[in-house]
Amino acid sequence: MELGLDAIRDRVVFVEGNGGKTRFRDMQLMTLCKGNILAFGSSFSYLAALLNVNENPVIVNGTSRQV
């Protein structure tokens with residue numbers, strides 16, 4: 001597995017292949033995560049964190065944006 005994630009392989013899910021008319025599925029999935037990482041310059045990751053439905057999501061924010 002890439003990125004040295006072998007130790008937590010059973011707790012990590014990578015989603016690929018959503019494009020075109022199913023592009024919105026990535027946003028839906030990201031709003032259901034236990035946590036979000038805000039990428040610099042990415043309104044997509046910011047909105048996913050903002051719309052996260054979990055009561056206390058873990059948000060890793062290396063940007064100047066407030067969530």
Side-chain angles (χ1 to χ4, degrees):
M1 186 172 217
E2 295 178 34
L3 306 174
L5 298 174
D6 290 330
I8 59 170
R9 173 182 242 157
D10 59 331
R11 297 180 288 161
V12 177
V13 177
F14 291 95
V15 178
E16 297 179 278
N18 290 325
K21 293 182 179 181
T22 62
R23 206 175 299 169
F24 68 94
R25 295 283 182 210
D26 288 332
M27 178 65 74
Q28 285 181 322
L29 291 169
M30 289 173 70
T31 64
L32 298 173
C33 291
K34 293 179 183 176
N36 300 87
I37 300 173
L38 272 64
F40 182 76
S42 171
S43 57
F44 195 82
S45 64
Y46 172 74
L47 288 172
L50 193 63
L51 297 171
N52 192 306
V53 297
N54 287 298
E55 189 173 318
N56 294 307
V58 175
I59 310 258
V60 178
N61 186 359
T63 72
S64 59
R65 291 182 171 178
Q66 297 294 323
V67 179

Colleague: Output the distance between atom CG (Asp10) and atom CD1 (Ile8), rounded to the nearest 0.5 Å.
Modeller: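 Between atom CG of Asp10 and atom CD1 of Ile8 there are 8.5 Å.
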Colleague: Between Ser45 and Ala39, what is the shortest heavy-atom contact and its length?
Modeller: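 In this case the closest contact between Ser45 and Ala39 is OG-N, 3.0 Å.
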Colleague: Under the side chain to side chain contact (heavy atoms under 4.5 Å, CB included) test against Leu32, which residue among Val53, Asn54, Asn52 passes?
Modeller: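 The option that passes is Val53.
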Colleague: With hydrophobic residues grouped by side-chain heavy-atom distances under 4.5 Å, do Ile37 and Tyr46 end up in a single group?
Modeller: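 No, Ile37 and Tyr46 fall in different hydrophobic clusters.
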Colleague: If hydrophobic clusters are built by linking Ile, Leu, Val, Met, Phe, Trp and Tyr wherever their side-chain heavy atoms come under 4.5 Å apart, do Val60 and Phe44 end up in the same one?
Modeller: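 Different clusters.
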Colleague: Decide if atom CZ of Phe40 counts as having more than 12 heavy atoms of other residues, nucleotides or ligands within a radius under 6.0 Å.
Modeller: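 Result for CZ/Phe40: open.
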Colleague: Determine whether Ser43 and Arg65 make a side-chain contact, defined as any pair of heavy atoms from C-beta on separated by less than 4.5 Å.
Modeller: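 When only atoms from C-beta onward are counted, Arg65 and Ser43 do touch, with a gap below 4.5 Å.
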Colleague: Using distance only, find each side-chain donor-acceptor pair of residues 11-22 under 3.5 Å and give its atom names and separation, not counting sequence neighbours.
Modeller:
from: Asn18; atom 1: ND2; to: Asp26; atom 2: OD1; distance (Å): 2.8
from: Thr22; atom 1: OG1; to: Gly19; atom 2: N; distance (Å): 3.4
from: Thr22; atom 1: OG1; to: Gly19; atom 2: O; distance (Å): 3.0

Colleague: Between Asn36 and Pro57 (side chain of the first, backbone of the second, donor and acceptor by atom type, cut-off under 3.5 Å), is there such a pair?
Modeller: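 Not a single qualifying donor-acceptor pair exists.
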Colleague: Please find the pair of heavy atoms, one from Leu38 and one from Ala49, that lie closest to each other, and give the distance.
Modeller: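 Residues Leu38 and Ala49, closest heavy atoms: CD1-CB, 3.5 Å.
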